[in-house]
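Note sheet for the following structure.
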Amino acid sequence: MTMSVADYARECAAQGLRGDYSVCRADFTVEQSYNYTADEQAVWRTLCDRQTKLTQELAHQSYLDGVATLGLLDRIPDFGVVSEKLRKLTGWEIVAVPGLIPAPAFFVHLANRRFPVTNWLRTKQELDYIVEPDMFHDFFGHVPALTQPVFADFMQMYGEKAEHLIALGGDEMISRLYWYTVEYGLIQEAGQPLKAFGAGLMSSFAELQFAIESKDAHHVPFDLETVMRTSYEIDKFQRAYFVLSSFDVLRNAFQNVADMAAIIGRHKGKPALDPAKL
Ligand SMILES: C[C@H](O)[C@H](O)[C@H]1CNc2nc(N)[nH]c(=O)c2N1
Ligand SMILES: N[C@@H](Cc1ccccc1)C(=O)O
Ligand SMILES: [Fe+2]
């Protein structure tokens, strides 16, 4: 199902990812080991101050409700303390990981209401954008929404269904769906302005502004099959942002997993669609 930690550690090092996978458990979790320097605490505070101002304007209300519920931090969060609070709210907890982990292992955590959060923080040279997920992305981007029951349930259901669809050979296609919604999704509800909810936008000062305000941002109406067929790159601004008309559209996509299985059957192993050409 999931490759060994040793193999994955070698792959990450080869790609220049900076997480330390040598101390991972088999499920890719590590200790948070809360020993951050004063400089790192200052970077965290700077990131939170700048990003909170921007998300007030550009983020969907569901994310902002999550931030209010979580009570954002002026210090790097202690995952154990936040997990206590999260468990009471929606049954979720945080597990520390060294960085990106393989999709199968990632979805098993989601299916068990465990959200993987990277235990290291970006440097002050990366305040606006970082090519791989760090603690600020995973925590500030993803955790607030997990305090909201509807989204919290959706994320667990995502993990459960993903395991089934991966078994059908759909891991690349289910990762794309996650990527273009949970990571980089936009939403425009009837009579409302365009808003962002994807965690990769919540945590990036530069890309959040680009996705919503730039005339060069390529907005594509959400279509399940198109999203599952469209490739993505993790280390640059997205060349397409899919726009949901409501969260129900996304939740309904998972009601009939048979449709998703059929899409996987139709397109598995075929060349991906180019996001820039949609
Ligand atoms: C599901 C999809 O593969 C997605 O890119 C996953 C992969 N592994 C990950 N690993 C971590 N630590 N954090 C993430 O957000 C993700 N996203
Ligand atoms: N680009 C995001 C981090 C990220 C990288 C790769 C995948 C997902 C998120 C940021 O700058 O915060
Ligand atoms: Fe993420």
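Values below: every heavy atom of this structure, side chains too, minus hydrogens, waters and symmetry copies. Whatever order the structure lists them in is the order used to number ligands and atoms, beginning at 1.
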### Query
When you draw lines from the Fe ion (ligand 3) to NE2 of H137 and to NE2 of H142, what angle lies between them, to the nearest 10°?
100°
### Query
Can you list the ligand 2 atoms lying under 4.0 Å from a non-hydrogen atom of V131?
5 (C), 6 (C)
### Per-residue contact class, D138 against ligand 1 - non-hydrogen pairs under 4.0 Å
side chain
### Query
When you measure from the side chain of E57 to the backbone N and O of L54, does any donor-acceptor pair fall under 3.5 Å?
no
### Query
Does R239 pair with D274 as a salt bridge, N-O distance under 4.0 Å?
yes
### Task
Provide, to 0.1 Å, the distance between atom 7 (C) of ligand 2 and the closest protein heavy atom, together with that atom's residue and name.
W179 CH2, 3.4 Å
### Message
Are F254 and F154 an aromatic pair, judged by ring center distance below 6.0 Å?
### Response
yes
### Task
Specify the closest pair of heavy atoms between E233 and K236, including all atoms of both residues, with the distance to one decimal.
OE2-NZ, 3.1 Å
### Query
Which residue owns the protein heavy atom closest to atom 10 (N) of ligand 1, what's the atom, and how far is it?
I101 N, 3.0 Å
### Message
Which residue and atom name correspond to the protein heavy atom nearest atom 4 (C) of ligand 1, and how close is it?
### Response
Y178 CD2, 3.8 Å
### Task
Can you pull out the closest protein heavy atom to atom 15 (O) of ligand 1? Residue, atom name and distance to 0.1 Å, please.
E183 OE2, 3.1 Å
### Nearest non-hydrogen partners of R113 and G91, listed with the distance
CB-O, 3.5 Å
### Query
Between H109 and F115, does the ring centroid distance fall short of 6.0 Å?
no
### Closest approach of any protein heavy atom to atom 2 (C) of ligand 1, naming residue and atom
S175 OG, 3.7 Å
#### Entry: atom 10 (C) of ligand 2: nearest protein contact (heavy atom, Å)
S203 OG, 3.5 Å
### Query
Does ligand 2 have an atom under 4.0 Å from some heavy atom of E207?
no
### Message
Considering both backbone and side-chain atoms of H137, is one of its nitrogen or oxygen atoms within less than 3.5 Å of a nitrogen or oxygen in ligand 2?
### Response
no
### Message
Please list the nearest protein heavy atom to atom 12 (N) of ligand 1 with its residue and the distance rounded to 0.1 Å.
### Response
G99 O, 2.7 Å
#### Entry: Heteroatom proximity flag, E132 to ligand 2, N/O under 3.5 Å
no
### Query
Quick one: which ligand 1 atoms are inside 4.0 Å of a heavy atom on V97?
12 (N)
### Nearest protein heavy atom with distance in Å, relative to atom 14 (C) of ligand 1
F106 CE1, 3.4 Å
### Message
Which of the numbered atoms in ligand 1 are under 4.0 angstrom from any heavy atom belonging to A103?
### Response
3 (O)
### Query
Hey, is R122 touching ligand 2 through its side chain, its backbone, both or neither, going by heavy atoms under 4.0 Å?
side chain
### Message
the Fe ion (ligand 3) and D138: any N/O/S contact shorter than 2.8 Å?
### Response
no
### Message
Does E172 form a salt bridge (charged side-chain N to carboxylate O under 4.0 Å, His left out) with R176? I'd like the steps, not just the answer.
### Response
CA-CA 6 Å; E172 207 175 26; R176 290 168 181 163; 3.6 Å; yes
#### Entry: Main-chain N/O of A211 paired to S214 side chain as donor or acceptor, under 3.5 Å
no
### Message
Students should be able to answer this: which protein heavy-atom is nearest to atom 9 (C) of ligand 1, and at what distance?
### Response
L100 CD2, 3.5 Å
## Note on the structure
min-distance protein heavy atom vs atom 1 (C) of ligand 1 -> F107 CZ, 3.2 Å
### Message
Assess whether a salt bridge exists between E93 and R114, defined as any Lys/Arg side-chain N lying under 4.0 Å from an Asp/Glu carboxylate O.
### Response
no
### Message
Looking only at N, O or S atoms in E183, which is nearest to the Fe ion (ligand 3)?
### Response
OE2
### ligand 1 contact by H137, heavy-atom criterion under 4.0 angstrom
no
### Query
Among F140, Y129, F205, Y184, which residue places a heavy atom closest to atom 4 (C) of ligand 2?
Y184
#### Entry: Distance-minimising heavy-atom pair for Y21 and G99
OH-C, 3.4 Å
### Query
Would you say the side-chain atoms of K124 pair up with the backbone N or O of A42, donor to acceptor, closer than 3.5 Å?
no
## Note on the structure
A162 and F107 have their tightest heavy-atom pair at CB-CG, 3.4 Å
### Query
Short N/O distance, under 3.5 Å, between I130 and ligand 2?
yes
### Task
Taking all non-hydrogen atoms of both residues into account, name the closest pair between W44 and R75 and its distance.
NE1-O, 3.3 Å
### Message
Cation-pi check for F205 against R50: NZ or CZ below 6.0 Å from the six-membered ring centre and within 45 degrees of the axis, yes or no?
### Response
yes
